[in-house]
Amino acid sequence: QVQLVESGGGLVQAGGSLRLSCEGSQRSYNMGWFRQAPGKEREFVAGISRIGSTFYGESVKGRFTISRDNGKNTVYLQMNSLQPEDTAVYYCARQSAISYIVYVSANQYDYWGQGTQVTVSS
């Protein structure tokens with residue numbers, strides 16, 4: 001049974017930083033971070049392949065960095081220059097297909113964490 005546990009969310013002022021962690025990742029699988037704001041669809045934020053290739057959503061490019069530590073079975077999301085529009089519940093997820101391609105659709109992910117709230121005040 002795969003269990004993903006996110007941590008690191010919280011309240012931060014605009015321009016600030018947070019680092020999210022997701023414990024329970026598996027080295028053979030691509031991992032992704034998604035977010036969902038109230039009344040909005042779940043949005044792809046960043047993904048990292050099994051070999052460490054990274055891919056980002058347009059709205060976070062240049063501000064967020066995804067990384068993984070396979071020895072600790074953990075994926076990270078470093079978030080810098082946070083803005084109020086980044087406010088959402090952030091989820092990590094495991095891509096279902098073993099591939100070198102990172103998918104951006106939530107439908108391609110089979111295991112999800114419980115989410116961690118990120119709130120950015122203006």
Side-chain angles (χ1 to χ4, degrees):
Q1 182 73 10
V2 177
Q3 187 173 8
L4 301 174
V5 180
E6 303 100 334
S7 61
L11 173 64
V12 64
Q13 290 187 333
S17 298
L18 284 173
R19 188 176 82 154
L20 305 183
S21 299
C22 172
E23 295 184 26
S25 63
Q26 298 172 303
R27 64 178 66 224
S28 297
Y29 288 84
N30 300 347
M31 298 296 296
W33 284 98
F34 290 77
R35 67 186 181 186
Q36 189 165 20
K40 295 188 176 181
E41 292 188 355
R42 194 162 294 192
E43 174 190 18
F44 174 82
V45 175
I48 187 165
S49 76
R50 53 192 296 211
I51 60 171
S53 301
T54 58
F55 190 74
Y56 297 93
E58 285 297 322
S59 62
V60 306
K61 276 184 179 178
R63 299 188 299 125
F64 291 11
T65 303
I66 188 172
S67 61
R68 66 191 303 164
D69 184 337
N70 289 331
K72 295 182 178 180
N73 295 328
T74 302
V75 176
Y76 303 97
L77 185 67
Q78 177 66 43
M79 306 186 295
N80 298 329
S81 302
L82 284 162
Q83 299 301 316
E85 52 266 35
D86 295 315
T87 295
V89 178
Y90 284 70
Y91 300 90
C92 72
R94 189 191 81 167
Q95 185 172 303
S96 54
I98 296 178
S99 171
Y100 292 113
I101 300 172
V102 174
Y103 297 116
V104 301
S105 171
N107 293 334
Q108 300 294 333
Y109 292 77
D110 53 2
Y111 287 96
W112 294 79
Q114 82 288 352
T116 185
Q117 176 71 46
V118 172
T119 302
V120 185
S121 63
S122 58

Within-4.5 Å side-chain heavy-atom neighbours: V102 and I48
no
Contact check, side chains of C22 and W33, non-hydrogen atoms, under 4.5 Å
yes
Is N30 close to Y109 at the side-chain level, that is, under 4.5 Å between some pair of heavy atoms?
no
Rounded to the nearest 0.5 Å, what separation is found between the OG1 atom of T65 and the CG atom of N80?
6.5 Å
Using the six-membered ring of Y90, assess whether NZ or CZ of R35 lies under 6.0 Å from its centre and within 45 degrees of the ring axis.
no
Does the side chain of S59 come within less than 4.5 Å of E43's, by heavy atoms?
yes
Is the shortest heavy-atom distance from the side chain of Q13 to the side chain of L82 under 4.5 Å?
no
Is it true that a side-chain atom of Q95 and a backbone atom of Y103 form a donor plus acceptor pair closer than 3.5 Å?
yes
State, without any angle test, whether R19 and Y76 hold a side-chain donor-acceptor pair at a distance under 3.5 Å.
no
Pair T119-Q117, side-chain donor/acceptor within less than 3.5 Å
yes
Do V118 and M79 come within less than 4.5 Å of each other through their side chains, counting heavy atoms only?
yes
Donor-acceptor contact below 3.5 Å, side chain T87 vs main chain V120:
yes
Testing the basics here: between G8 and L18, what is the closest heavy-atom pair and its distance to 0.1 Å?
O-CD2, 3.9 Å
To the nearest 0.5 Å, atom CD of Q83 lies from atom OG of S121 at 10.5 Å
Quick one: do W112 and V89 end up in the same hydrophobic cluster if we chain Ile, Leu, Val, Met, Phe, Trp and Tyr together by side-chain heavy atoms under 4.5 Å apart?
yes
Heavy atoms only: give me the nearest V12-G16 pair and the separation to one decimal.
CG2-CA, 3.8 Å
Of the non-hydrogen atoms in P84 and S122, which two are nearest, and what is the gap between them?
CG-CB, 3.8 Å
Closest heavy-atom contact between S49 and R68?
O-NH1, 3.0 Å
Could you tell me whether the side chain of T54 and the main chain of I66 form a donor-acceptor pair under 3.5 Å?
no
Quick check against the 3.5 Å criterion: does E6 have a side-chain atom that pairs as donor or acceptor with the backbone of C92?
yes
Are R50 and Y29 in a cation-pi setup, meaning NZ or CZ lies under 6.0 angstrom from the ring centre and within 45 degrees of the ring axis?
no
Any donor-acceptor N/O pair, S25 side chain to T74 backbone, under 3.5 Å
yes
Within the 4.5 Å heavy-atom criterion, are R94 and V2 side-chain neighbours or not?
yes
Rounded distance [0.5 Å steps], CD in Q26 versus CD1 in I98
8.5 Å
Is the closest side-chain heavy-atom distance between Q78 and S17 below 4.5 Å?
yes
Which class fits the ring pair F44 and F34: parallel under 30°, tilted 30 to 60°, perpendicular over 60°?
perpendicular
Is there a side chain to side chain contact (heavy atoms under 4.5 Å, CB included) between L4 and Q114 once you walk through the steps?
CA-CA 8 Å; L4 301 174; Q114 82 288 352; over 6 Å; no
Out of curiosity, does Y56 fall in the hydrophobic cluster containing L20 (side-chain heavy atoms, cut-off under 4.5 Å, transitive links)?
yes
Can you get from V104 to Y91 by hopping between Ile, Leu, Val, Met, Phe, Trp and Tyr side chains that sit under 4.5 Å apart?
yes
